[in-house]
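Keep in mind that what you see is a predicted model, and the values were worked out from it rather than measured.
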Amino acid sequence: MQKLMSVFKAESPRQLIVIFIVFAVTGSTAVYATGPVLDFFGINSETLPPWIFWPLRILVIFPVYQCLLIIIGTMAGQFKYFWEFEKKFLRCIGIRLP
């Protein structure tokens with residue numbers, strides 16, 4: 001448990017559990033929410049061939065997940081943790097935030 005806490009930089013076992021729950025809920029919600037987002041633009045597996053639709057869906061999941069991670073993390077009372085997580089992730093892909 002201590003090793004997980006140090007890897008995720010959690011201050012307590014309770015915070016670690018909350019972090020895991022937020023990641024799980026966010027991932028599931030992002031996959032679910034991407035369907036209506038694509039439908040809004042008229043993009044679905046019937047209008048596009050699978051070799052275009054699925055990579056496009058995965059590309060759309062990425063920004064939806066990032067936004068939901070902040071929203072759900074804030075609702076769980078962990079805004080500071082997930083904001084730092086987002087900034088670190090965005091720095092890794094070349095985006096700098098203050």
Report task. Ignoring hydrogens and angles, tell me if any N or O in the side chain of Arg57 forms a donor-acceptor pair with the backbone of Asn44 under 3.5 Å. Result -> no
Query raised in the report: Under the ring-ring contact (aromatic ring centres under 6.0 Å, His included) criterion, do Phe62 and Phe89 qualify, and how do the steps go?
Result: CA-CA 12 Å; Phe62 175 74; Phe89 177 77; 5.7 Å; yes
Report summary line: Correct closest heavy-atom pair for Met1 and Pro13 would be CE-CB, 4.2 Å
Query raised in the report: Would a hydrophobic clustering, with Ile, Leu, Val, Met, Phe, Trp and Tyr connected at side-chain separations under 4.5 Å, put Ile61 with Leu90?
Result: no
Report task. State plainly whether one hydrophobic cluster holds both Val37 and Ile52, where clusters connect Ile, Leu, Val, Met, Phe, Trp and Tyr through side-chain heavy atoms under 4.5 angstrom apart. Result -> yes
**Report entry** Sole candidate of Ile72, Thr34, Leu69 that passes side chain to side chain contact (heavy atoms under 4.5 Å, CB included) when paired with Thr29
**Finding:** Ile72
Report summary line: Closest heavy-atom pair, Ile19 versus Ala10, reported as atoms and distance to 0.1 Å, is CD1-CB, 4.2 Å
Query - Heavy-atom pair with the smallest gap, counting every atom of Ile70 and Trp83 - result: CD1-CE3, 3.7 Å
Query - Check: Ser6 side chain, Lys3 main-chain N or O, donor-acceptor pair, under 3.5 Å - result: yes
Query raised in the report: Is Ile58 linked to Leu38 within one hydrophobic cluster, defined over Ile, Leu, Val, Met, Phe, Trp and Tyr using a side-chain heavy-atom separation of less than 4.5 Å?
Result: no
Report summary line: Closest non-hydrogen contact found for Val22 with Ala76 is CG2-CB, 3.6 Å
Query raised in the report: How long is the span from the CG atom in Leu4 to the NZ atom in Lys9, to the nearest 0.5 Å?
Result: 13.0 Å
Requested in this report: Tell me whether the centres of the aromatic rings in Phe8 and Phe20 are closer together than 6.0 Å.
Outcome: yes
Report task. Answer yes if the ring centres of Phe23 and Phe85 are under 6.0 angstrom apart, and no otherwise. Result -> yes
Query raised in the report: Where is the tightest heavy-atom contact between Thr47 and Gly42, given as atom of each residue plus distance?
Result: OG1-O, 3.4 Å
Query raised in the report: How about Tyr65 and Phe82: are their ring centroids closer than 6.0 Å?
Result: no
Query raised in the report: Do Val7 and Leu16 sit in the same hydrophobic cluster, where Ile, Leu, Val, Met, Phe, Trp and Tyr count as joined when their side-chain heavy atoms come under 4.5 Å apart?
Result: yes
Query raised in the report: Roughly how far, to the nearest 0.5 Å, is the CD atom of Glu46 from the CG atom of Leu48?
Result: 10.5 Å
Report summary line: Note: Pro50 and Pro55 closest approach over all heavy atoms is O-CD, 3.8 Å
Query raised in the report: Quick one: do Leu59 and Phe40 end up in the same hydrophobic cluster if we chain Ile, Leu, Val, Met, Phe, Trp and Tyr together by side-chain heavy atoms under 4.5 Å apart?
Result: no
Query raised in the report: Any side-chain heavy atom of Trp51 sitting closer than 4.5 Å to one from Leu56?
Result: no
